Structure formats: structure tokens, C-alpha cells
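Take a look at the structure below.
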Amino acid sequence: MIAPIVITLLCFCSLHPTFGQDCPGRQELHGSLKQVQKLLSAHEATYMQSLRNLKKKINLLQSSAGKQSTRATNSTCPKLDVPINGRKLGKSHSVGHEVHVLCDPGYELVGSESRFCQESLSWSGHQATCRDINECASSPCLNAGTCVDEVNQFSCICAKGWTGATCQSPLPTFFVTMTNTSAATSPSTAAAVTLPAATTGPFVRPSRCSIIQGTTHCTCEAGYTISGRDSNTCTDIDECELFHNGQAGKLCLHSCVNTAGGYRCTCPVGYNGTRDGRSCKDIDECATRQNNCTKDQMCINTYGGFQCVRVDCPKIPHATYVKTSPMRCERNPCALDNKACSQTPNSFSYHYLAVVSNLSAPRVMFRVSALRPIGDTLRFSLLGGRLTRRHFTVQRSDRLTGQLMLVSPVQGPATLEADVEMSELERRVQLGRYITKVTMFVSQYEF
């Protein structure tokens, strides 16, 4: 405020000279004016410096904004190639986003199923490829059949005497009876005779012989054959030995009992014989109430038997679970300040499978799917140790579904368990966890 006061005083003294005795002299006024000029010059310099600093800051902001825009445009990971005989789920390659790889039926995944774009603009995991599954690895062709591997299937070249998709059925067999002949004294004589049998019994019968034009022809009843050089004796054919333990394969699905002139097939406990007399069909003890399960247990039919199971909700610290259905437990709502509770699984579901021994693999055993996903990402994983991973793996079948795969045949009897976890995420933050507990009862029989 110095400059306005000095200028006002100067103008007042110039207009009213009568007050000159109270006004400063001209020399003093010139000195004051010089001070004012210096002060104005200093203010002007400060203002210009501030203006220059402001322009620099604006330029820096503009430059920074341009760089960020350029970086935002280029903040994507390299494009991932779709594997041959497979497909890719997920189109965004931006930082933090995931892509998933699925293989076509008949092919297995080698590499990482899920990969996400990292801050370093590189993908996590390893490049995925789809490898043809060898459907013949589990030796699905029976009775000395030859397996031919094809895409998502196989075919069997059956040995002589067998037919069917897996060479499981014997071809109708005609038993050729040996015939011994002997020269007759009169070539024109034709007569039928029955020669005495050397021995008698259910497994030994006399032959039936006839003389035609001097030649003796001997035959046996069905199920018998002429024994050695003795044309008078017919011996029972042991069909069980010939077809069950021989190179031709099995005549009965389970057990064969030789009978006089024939055979019969038997089934183990828990099975009934079928109409063809050779196969066995499982008895459903649960449906027919042939079980001893209590009221608080659930009956699970298995091949050749049954299992009584009881589903109890798990006890986990910081969370409480209640049974909402016979096969499902859900967590009670968590308090807002109970972070430990929010990290526990939202639900547990229980499923039981019955399979035969040495079931061919790989094959899908169970599928887990999200009906109404609430996040942007679903993850499927297999819980458990080496024993579980020895027999199972988890693969994604589509964006919302994961499937439990049996990777190797299992010799029964056995009971295997696998826990499949499905997690929902939003921007890589976990929203919920859901556990599916699968129990597989493996029969001791292959049927």
C-alpha cells in the first residue's frame, strides 16, 4: 500500500499549495517514487517468475498425462495363440485379466489352464497345448482284442470267436463231433447199431454209431465228444475250461460251472443273472429295501452292495454351518467385523458315486457349475494331497463349469475322495468359496 499513499500525497500537495508547509519536498518525493518503481519492478519480476513456474507445471502435467495415456493404450499382455484342437476363453489382455484354455473332446491339456496378465505385461503360467488322449492306454478291449486309438474314441479288432464294441460277447460256437470210421466187410450194407460204452456216468455217455455202405460213423450228444481212439465212448466237453480260462476268452461274465453236457454261469452276492444266462445285473439294495441303514443315514447303492452314509456339517473355527438339504451345508451370515469368517467356504455339498473296478480312464466323473456368478472370474481347483491327485484332476469345460476327471483306472474294492473348490473373484479379490466333496465307491468287480 506504499505506492498509492505516496501518489495520493503528491497529487494533494500539487493541488493545494497552501498546505505546502506540511508537504514533503520535491527531493523526498522523487526518492519515494524511485522506491515505488523498485517495488513495482520487484512485484512484476515475482509475478513473471510465478507465471513461468505455472507454465512449467502445466507443461509437466500435460506431458505426464500424455505418457499415462500412451501407457494405458499399451498396457496389455501379448496376444495368446489358441492351441490346436482347443479354444480360449477371455478376450481382454489387460493387466489383471485372466484367460482360460479348453481342449476339444479327446484331447488333454498340457500347460497352464488359466493365465492372467501381470503388471510386467507378461502372462503367468506356461503355454498350453492340447495333446491327443490315448483311449487305448487303459486296455479297453477284452478277450485278447486289439485296440485302435482314434480321436475321442477307440475301436477293437476282436480275436476269433468274439464280437462286440469291446469284444465282450462270444460268437455262437458250433461243436464239431469227431467221427471215427472203420472198413466194413460189405460195402453195400447199411445198418444202425449202438455199441456198448466202456464206462457210464453223467460225464461219460455211449456213442451212437451207424454203418453206411460198410463204414461205421459214430456221433455223440450235444455237449459231448468222442474221446481219443475209442469211438464207443463220448466224454463231456468242459466248456468252462475251454472258454473261461483258455485263449478264446470268457464264456461267463463272472463264474462258470461245468455241467454234464453243458455249463451254467453264476453271479456273486449282490447280483442277479440276466436272461441270456451269461451276464450279471446289480441288485439295487436301496430301492428294494434290502439294506440295514438307519433313519439318520442315507443308502447309496454300489455295484454288488450298498453303503450307509451320514452327512454332518463341518466344524470350522469362526464359522457356523447348517444343513439346508440332505446333501448340502451352508454357512450362517458372518458379522461385518468377522474377517476370519468371511474367508471360510460359503457352502459344502456332498455327492456319492458308484463305479466298477478298473474303469477306463481318462473320463469325466463330476461337473461343478455356477448358476448365477457374481464376480468377473471363476476358478476351479482340486484340494487334497498326492493320493487324491494320483487319481483325479480338475479341468474347465467352459467359462462357468469345472469337471472332475478320473485320470487312471482304480482296482477295487476301494473308496476314493476328492474335494473340488470353486472360487468367485472380482478384480482378483475373493468373493466366495464353494466346496464339493465327491466320494467314489469302487466295486471289486468289473461289472
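If you're wondering where the values come from, they're calculated on a predicted model, not measured in any experiment.
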Single hit among Thr377, Val429, Asn346, Leu378 for side chain to side chain contact (heavy atoms under 4.5 Å, CB included) with Glu424: Leu378
SG-SG distance Cys293 to Cys286 under 2.5 Å: no
Any side-chain heavy-atom pair of Val364 and Arg367 under 4.5 Å: yes
NZ on Lys437 to CE on Met327, rounded to 0.5 Å: 12.5 Å
Residues that His318 engages under ring pair (Phe, Tyr, Trp, His ring centres under 6.0 Å), provided they are two or more places apart: none
Partner residues of Glu426 under the salt bridge (charged side-chain N to carboxylate O under 4.0 Å, His left out) criterion, sequence neighbours left out: none
Cys234/Cys220 sulfur atoms closer than 2.5 Å: yes
Minimum side-chain heavy-atom gap Tyr352-Val309 below 4.5 Å: yes
Leu425 vs Glu98, side-chain contact (heavy atoms from CB on, under 4.5 Å): CA-CA, chis, key distance, verdict: CA-CA 11 Å; Leu425 301 98; Glu98 289 187 347; 5.9 Å; no
Check against salt bridge (charged side-chain N to carboxylate O under 4.0 Å, His left out), Arg427 and Asp376: CA-CA 7 Å; Arg427 296 183 181 272; Asp376 58 12; 5.6 Å; no
Heavy-atom neighbours of Lys323 NZ exceed 12 at 6.0 Å: yes
Heavy-atom closest pair, residues Ile237 and Asn258: O-OD1, 3.4 Å
Pair Thr388-Glu417, side chain to side chain donor-acceptor pair (under 3.5 Å): steps then yes or no: CA-CA 7 Å; Thr388 301; Glu417 296 181 347; over 6 Å; no
Minimum heavy-atom distance Glu285-Asn291, with the two atoms named: O-ND2, 3.0 Å
Other residues, nucleotides, ligands: >12 heavy atoms within 6.0 Å of Arg389 CZ: yes
Non-hydrogen atoms of Val204 and Tyr224 that approach each other most closely: N-CE2, 4.2 Å
Phe116 six-ring face occupied by Arg428 cation (under 6.0 Å, within 45°): yes
Nearest heavy atoms of Asn301 and Ala354, plus distance in Å: O-CB, 3.4 Å
Full working for side-chain contact (heavy atoms from CB on, under 4.5 Å) between Thr436 and His351: CA-CA 8 Å; Thr436 301; His351 300 270; 3.6 Å; yes
Aromatic ring pairing Trp123/His93, orientation class (parallel under 30°, perpendicular over 60°, tilted between): perpendicular
Counting only pairs under 3.5 Å, give me each side-chain donor-acceptor contact of residues 125-140, with atom names and distances, residues two or more places apart or in other chains.
from: Arg131; atom 1: NE; to: Glu108; atom 2: OE2; distance (Å): 3.1
from: Arg131; atom 1: NH2; to: Glu108; atom 2: OE2; distance (Å): 3.0
from: Asn134; atom 1: OD1; to: Cys136; atom 2: N; distance (Å): 3.1

Heavy-atom side-chain contact between Val148 and Phe154 under 4.5 Å: no
Under-2.5 Å SG separation for cysteines Cys256, Cys265: no
Cysteine SG atoms at Cys141 and Cys167 closer than 2.5 Å: no
Minimum heavy-atom distance between Asp236 and Thr259, given as atom pair plus value: OD1-O, 3.3 Å
